[in-house]
Structure formats: C-alpha cells, structure tokens
2 protein chains.
Amino acid sequence: MGTIYDLAKITGFSITTVSKALNNYSDVSEKTKAKIVQAAADMGYLPNAHAQSLSTKRSWTIGVMFSEANEVGMMHPFFNAIIESFRKATEQQGYDLIFASRNLRNRDMSYLEHFQHRAVDGIVVICSDQMDKHVQELIQSSIPIVVVDMDSTDCSVVFSDNLSGGTLAVNHLYELGHRLIAHIAGDMTIDAGLARIEGYKQAMDRLALPIPDGYLINGGFFSVEEGKQAMQTLLALPKRPTAVFVAGDQMAIGAMEAIHEAGLQVPHDISVVGYDDIEMSKYVTPKLTTVRQDTERIGQHAAELLIEQIVNKRRVMTTDIIPVDLIVRQSTGPVKP
Amino acid sequence: MGTIYDLAKITGFSITTVSKALNNYSDVSEKTKAKIVQAAADMGYLPNAHAQSLSTKRSWTIGVMFSEANEVGMMHPFFNAIIESFRKATEQQGYDLIFASRNLRNRDMSYLEHFQHRAVDGIVVICSDQMDKHVQELIQSSIPIVVVDMDSTDCSVVFSDNLSGGTLAVNHLYELGHRLIAHIAGDMTIDAGLARIEGYKQAMDRLALPIPDGYLINGGFFSVEEGKQAMQTLLALPKRPTAVFVAGDQMAIGAMEAIHEAGLQVPHDISVVGYDDIEMSKYVTPKLTTVRQDTERIGQHAAELLIEQIVNKRRVMTTDIIPVDLIVRQSTGPVKP
DNA sequence: CATTTCACCGAAAGCGCTTTCGATAAATTT
DNA sequence: AAATTTATCGAAAGCGCTTTCGGTGAAATG
C-alpha cells in the first residue's frame, strides 16, 4: 500500500507536491500531476483516512444511533428501510456510516462521547423516544444531527405525517360503514405513537363518533406479540369493535392473529388497518390495509438535511413532515349489516 | 473537549505522562494518575480516535460488506439478524462497525480499497456469491476476515448446515406421506442455495424417490416474488407435487401465495416447508414450517473468529458449520389420500 | 534590458496521540 | 559513604497527511 512518502520517493517530488497532485491543487503542472497519479495507481496507493481526518478535521463518517428503547435495534423493518435509504444517499456523497455502541474498550460511555471520540461529521438518530437522555444529549451537542421519527424543536427532524395517517385510517373505516372503531396505539412515550393517537381522536371527533371505554388501548412498543395481546383484550370487551386501527404493521399482524384465534374472520367480522407498510404486510393473509410511510423519502431527506449541515458548518432546526398514503388491501371491508 | 495538550497544561504534567496515566502504564504514580484521570473527567476529555489509530495502527473498527448481488442490502431479515448479533458481540469487545461503500468522494473504488483506506482492523462479509470479485479480492487480501453464509477454503467461514437442512425438510415431508416433493431452489451461484439443493437430492435419493422433470426449479435470489413465480410454474406441471421444499422463507411465502391464488389450500392440497425461520414465518397463514438457521450463533461465532484473528495478528482458515433445526408449524400436513 | 507577473514546487509546521529511551531523585544495598 | 537499584517522569521521534508560505526560474510587460 505505501504512504505518501513512498510515493514522493518514487516520483522524485516532495510529499507536498504529491499531496497537492492527489488533491487536485491548481499549482501543480499537468505533467507532474499525471506522473504522480500514475505512480499512485501503480503502487496501489491509498491515503490513510485517519491521517487525513487528523489533518483536516473532517472524517467523512456519520454516526448512527438506534435507541435501545425497545430492543429491536436494526431488526425492525421500518427503521431498517430508513437506514438503508439513508445509507444509499450518504454514501453517494462519500460518507461512511459507523455504528457506535456505548462501550469503548470496556469503558462505559455515552453515545455522544463515543461519537466525539470517533470524530464523526454528523449524527443520525433513529427510533427513539423523547425521554432517552442519550438522544437529548446528542441533540444538545454541537455536532450536526438529524433525528428521524421523533419531534423536537432543537434540531432537524423528519418524520411521517402521523396525524393525517391516523385520520386517513379512521376515515377509510368510516366510509366502509364502521362506527365502532378501536385503536391499538403505540406507547405514548413515542412521538409517532402519540401523533397517531391524536389523528385517531381528531378523526373520530370530526365524525362525531364517540370513543367507547377501552377502545383506545396501548399496544406498547410495536411488536407482534403486544399487538396480539392488545387485540385480545379488545375482543373481550362487552361491545366489540367492528374495526381497529393499529399503529404498526407488526402489531396489526399480531392483532389479526388474535382475531383468527378467536374464531373470527378479517375483514368479515373485524376490519383492521395497520401502519408502516412493511414488506410483509402484502403477504400476510389477508393482505393488510395499511398507512404507508415513505421510508425511501424519509431516509433520503434526512441524509440531505444532515449533509447540508455538515458542509455549511452550521446546525439547522427544521421539522419536515413526509406525507403518507393509505394502501387499501384485503384486511378491511364493509361492516357487517 | 480539548486535547491531550490541554490536559497536560492543566495538570502540569507532560503529555507523555498524561498519555501513560490514561493508558494505565505502570511507570506513573498512583497519585498523579488520579489527578490526571480526575482532570480528564472534569474537562470531558476524550482521546481522538483518528490520532490514536494513526499512532497505534489499530482502528478498533470492523468493516462490513454486504454483497450487492441481489440488491437487498441490509433489508433482508436473515442477514439482518446475523449482522445484529455480530454487532452485539463485537461492540462488547470495543469495536465499531463501519459500513463502507464503493464510493470514496466520487472516486469509484473496490471494497478492499475502501477498507484499506479506512484502515479497518477486520472485515466481515455477508450475503455473497462466489463469483463476486470484490469478495474474492477481500479474501485474498491480508486483512483479517470472516465470511458468512458462503464456503471458501481461503478464509474463515461460518454458515448453516444447509445439507442437513435440505435433508431435514425432505424427510419431514416424506414422513407425512409425501412422495411428490419438489424443490424451489436458490440460485446456484449462492453456496447456501447449492447446498440445499444437494441436501434435497441426497435425501430424495436415499428415500429412493425420483425427481420428476421440473421438480427442481430455480427460485432466483430468494425474493417473495420469485418464489411465487416458481410455484406458479410448478403448479402448471402435468403431475403436480404434493409438497414443496423452498430454499427460503420469503420465497416460501410467495409460493404459498401462488398456491392460494390457484384456489388450493396449504397444507391440505400442498405442503410447503421454508428455510430461515424469519420472524414473519410464524405469523403468516398458515404458519410456516421451516428450517431454522441459528442467526444468533452464526453472528456471534463469526465475531469471535474475526476478533481472534485480529488480536493474534494472523489469519486463520476454518470452516464452521452451524446446525439447523426443523420447526414444524402448520404449512405441512399429511398427504391427501 | 529591467521589472513584474506567473507557474510550479518544497520546507516546515501542525493535527493528537503513542512509545522508546534516557534522565533524575529517592530508596536500597553493599 | 559509595554503589546500585527502583520509581517516576519527560524529550523527542514518529504515525501519514494537509496547508501555509515562501522561493525559484520562466514568461510577460514596460
């Protein structure tokens, strides 16, 4: 591999000139530049990123943090899709993603500390709750940052239009004739969950539909299992809902399972609409009607926002809301007469 | 944040002593060590990782490469589960993962080049095919490496016992009375796909079952859509199979969809067993019988293998095969009389 | 021809850290 | 008391790169 010194020795120029040639400075002649570039290619020379970072104070890395709140890490299809699209967008600009932990050679440290240590150029945080003090610490720091799927006025945020999403779902159900519409919600500590609840409530209110006791039920942290349990308690209600809007596809799948296990049919007996449009939702039976979040756009937009902050060297606080779509499939149908 | 110089100035010691104190050298008294550590904590000092790497030639980073073969990236639940478990294991030892691309500030480069540039301590490659020259280049390099889900004699590899997996599936079907057993295979360029085919063939042979024309069909790169298509051509066969072993859960889900769309029932008309045991497989209808790969163990073992090479500074070539389990659920049943 | 401009190159400092090796003073041995 | 060991510290070099600033000769200008 060799260093810049080797390259200087081989070509007979100084390391200064070599460096300049490689970095396209204007004060090196085309002829010597060609020689140096050629020699570099011949010996397979590659600049050492650490040396570069040390010298330029620019690491071309972006730290990514997943909240550990609900132990899903990068396994959750939704966050996963976002990070994938984020990755594509950033790598195109020359950035590498680094997943840092809170462990530095057995020294326990915060994410901020770890990111400072790694000298990342920017941070993206995904899948978080407001209460997480690690996230707050990151937001209060001076490193460029963008957070996804959470609301905050102290930094750039991008998330789906969860309010409209909730409304969309409820209205769809209403148009199918449903009046007894329940909501299996995400935990209230999660902004997204909260907004969907709000959307549900507003829509119900606008439609002059009361929300019977027990119809708004906490489904926790969006897992299949929790969705199933929530649905079971919903089924045990004296006045069973004819439709349920579930705040996440995985929960919705759990809910459908509970319904089936109770000997009922979706959508014949109960309609269900999910949220996210994860890949699986179009392959479960029945195919899930759901509110699609535009993960592609969210990830890409987050990337743009972050990189803009990095290159302009100034933090920016914007909140961008990405529209959602209702995808009607087979899990919703007209209410039974 | 400050540098080691600031810390030296504050405490009155030389940077040498400060560095030693922070790194637990024995030739610094307990008293001064305490002072320095305290001062470091007070000013929130954190060593710059790039400077450290430059000096020690150790970056405490591991490069991860996903093959781009089938465009799934980190979205595939199986690879995703592996990388997650790998991450946990490595971060516990103080390593950070870095996802590098082939783009370095608009200069196209190979993964190896990128990893050299970043000076990673080791590499893990996931989800690959033998033909990928990027992977081959990595394997031939001198950087410690471990590859997952692929076979090779030139480096450490760890993958599932796909041969047994195929056999397990076929035998299970046989015991249920099936004799017309088809196989929707993964592409033959993928080692895992190939081994499962082999397992299928061997099992059929041992059971003295012929493999009718068209019963061994290529399902491509494990996507739902490809599985569906493969199943459709299987259904069009003059002599339809009563059971099908599918080389991946996503393909199996596609296959079941094709079956349902043809107006048939799983497992009543056709039994299907998948491969992987992705999370969703226990939530589709009917719940999928499948061969479970122990992603937890694969990831963890890969991590151990890699770290061992890193600390011992020598490459090692082992091939470790992780056992699989047959998980019987509802997509398989006795053959129709 | 003298002067100014311009194109091209290199010395040197600096980025923040580690590590070798020598220096000093205190403690221990003879 | 002299010689030796031990404990503690720091100077300096080095890791591989960027960037400022000045220097040189050739070309352009008067």
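Here is the naming used below: chain letters follow the sequence lines, and residue numbers restart at 1 for every chain. Source: prediction; values computed, not measured.
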- Message: Between B:Ile298 and B:Phe159, is there a side-chain heavy-atom distance shorter than 4.5 Å?
- Response: no
- Query: Do we see a donor-acceptor contact under 3.5 Å between the side chains of A:Thr295 and A:Ser85?
  - Reply: no
- B:Thr32 vs B:Ser55, nearer the 5' end of DNA chain D by closest nucleotide: B:Thr32
- Could you tell me whether the side chain of A:Asp6 and the main chain of A:Thr3 form a donor-acceptor pair under 3.5 Å? yes
- Message: Are the side chains of A:Tyr95 and A:Thr61 in contact, using a 4.5 Å heavy-atom criterion?
- Response: no
- Message: When you compare the side chain of A:Thr11 with that of A:Val18, does any pair of heavy atoms fall below 4.5 Å?
- Response: yes
- Task: For DNA chain D, find the residues of residues 7-19 of chain A with a heavy-atom distance under 4.0 Å and give them by number; none if there aren't any.
- Result: A:Ile15, A:Thr16, A:Ser19
- Using a 4.0 Å heavy-atom cut-off across all strands, classify B:Ser53 as base, sugar-phosphate, or nothing. nothing
- Degree of bending in the helix from C:dC1-D:dG30 to C:dT30-D:dA1 once both end axes are built from five pairs, to 10°: 50°
- Task: Figure out the NZ/C1' separation between A:Lys31 and C:dC9, and round it to whole Å.
- Result: 14 Å
- Walking along DNA chain D from 5' to 3', note the first and the last nucleotide with an atom under 4.0 Å from a heavy atom of chain A, and give both. D:dG16 to D:dC21
- Item | Centroid-centroid distance, A:His76 to A:Phe79, less than 6.0 Å | yes
- Note on the structure: Of B:Thr56 and B:Lys33, the one whose nearest nucleotide on DNA chain D sits closer to the 5' end is B:Lys33
- Query: Just checking A:Lys20: base, sugar-phosphate only, or nothing, at a heavy-atom cut-off of under 4.0 Å?
  - Reply: base
- Taking NZ, NE, NH1 and NH2 as the nitrogens, is one of them in A:Lys313 or A:Glu308 under 4.0 Å from a carboxylate oxygen of the other? no
- Which of B:Ile62, B:Ile307, B:Leu306, B:Ile310 passes side chain to side chain contact (heavy atoms under 4.5 Å, CB included) with B:Gln93? It is B:Ile307
- Task: May I ask you to say what A:Asn48 touches in the nucleic acid, namely base, sugar-phosphate or nothing, with a heavy-atom cut-off under 4.0 Å?
- Result: sugar-phosphate
- Note on the structure: Taking for A:Leu54 and for B:Asp27 the nucleotide of DNA chain C with the nearest heavy atom, the one nearer the 5' end belongs to A:Leu54
- Task: State, yes or no, whether a side-chain contact exists between A:Phe99 and B:Asp96 at a heavy-atom distance under 4.5 Å.
- Result: no
- Contact class for A:Tyr5 vs. all strands (heavy atom < 4.0 Å): base, sugar-phosphate, or nothing? base
- Hey, would you say the B:Phe222 and B:Phe78 ring centroids sit under 6.0 Å apart? no
- Could you point out which residue of A:Val147, A:Ile145, A:Asp132 forms a side chain to side chain contact (heavy atoms under 4.5 Å, CB included) with A:Met65? A:Asp132
